[in-house]
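The next block holds one structure in the form of structure tokens; read it before the comments.
None of the values given here were measured: they were computed from a predicted structure.
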Amino acid sequence: MKLVNLIALALLLGISPAFAHAFLAKSDPPVGSVVHGAPKMLVLSFTEDLEVPFCRVAVSDSMGMNDAAGKPQAVPGHPNELMVPLNIQMPGKVSVIWHALSVDTHKTQGNFSFTVTP
Ligand SMILES: [Cu+2]
């Protein structure tokens with residue numbers, strides 16, 4: 001194989017798996033939103049199907065208290081989604097940090113926030 005072909009192959013192999021990673025596509029409550037009243041559930045939708053037992057979501061309120069009431073759960077019929085029961089006590093900014101493992105065994109992580117008003 002010619003060198004130029006090897007380089008092309010390496011580029012292809014290096015780039016293509018990135019498209020298969022599980023990135024956050026949608027959140028409910030939405031990223032950056034302002035919601036009235038504390039939501040009881042957070043639902044995260046990803047760009048790829050997940051290995052739910054290996055996904056983690058940490059939720060904290062404006063006082064830095066951990067407000068995730070439970071482990072991420074699978075959403076029946078939606079293998080690319082996680083739901084997390086919430087127990088938000090304080091109005092203010094809610095920070096979400098997620099770690100996802102997709103079915104292709106790639107790990108991704110990210111964070112965002114939304115705001116709860118009384
Ligand atoms: Cu991937």
At their closest point, which heavy atom of P29 faces which heavy atom of M41, and how far apart are they? CD-O, 4.0 Å

For L50 versus V103, what's the shortest heavy-atom pair and its separation? O-CG1, 3.9 Å

Shortest non-hydrogen contact from M63 to M90? CG-CE, 3.4 Å

Under 3.5 Å: donor-acceptor pair, side chain of N66, backbone of A68: yes

Beyond-backbone contact of Q73 with V75, side-chain heavy atoms, under 4.5 angstrom: no

Do F46 and L24 touch side chain to side chain, with heavy atoms closer than 4.5 Å? yes

Test of understanding: with side-chain contact (heavy atoms from CB on, under 4.5 Å), list the residues that count as partners of S102, not counting sequence neighbours. A22, E48, D104, H106

Please check if the side chain of T47 supplies one atom and the backbone of H21 the other of a donor-acceptor pair under 3.5 Å. yes

Could you grab the distance from atom NZ of K107 to atom SG of C55, nearest 0.5 Å is fine? 11.0 Å

Residue pairs fulfilling side-chain hydrogen bond (donor to acceptor under 3.5 Å, both in side chains) with at least one residue in residues 28-37, sequence neighbours excluded: H36-T117

For G70 and V84, which heavy atoms make the closest approach, and how far apart are they? O-CG1, 3.6 Å

Test item: P39 and V116 side chains (from C-beta on) under 4.5 Å apart, heavy atoms: yes

Euclidean distance, T108 OG1 relative to H99 NE2, rounded to 0.5 Å: 9.5 Å

Given the rule that I, L, V, M, F, W and Y join up when any side-chain heavy atoms are under 4.5 Å apart, are F114 and I97 in one cluster? no

Give me the atom names and distance for the closest heavy-atom approach of V43 to E81. CG1-OE1, 3.9 Å

Can you confirm whether D67 sits close enough to L86 that some side-chain heavy atom of one is under 4.5 Å from a side-chain heavy atom of the other? no

Grouping I, L, V, M, F, W and Y whenever their side-chain heavy atoms are under 4.5 Å apart, do I88 and M83 come out in a common cluster? no

Checking S62 side chain against P91 main chain: does a donor-acceptor pair fall under 3.5 Å? yes

Heavy-atom closest contact (V52 atom, P72 atom, distance): CG1-O, 3.9 Å

Single-linkage hydrophobic cluster, 4.5 Å side-chain cutoff, V94 and V31 together: yes

Close side-chain approach of W98 to L82, heavy-atom, < 4.5 Å: no

Does L101 sit in a hydrophobic cluster with other residues, and if so which ones, taking ILVMFWY side chains as linked at heavy-atom separations under 4.5 Å, directly or through other members? F54

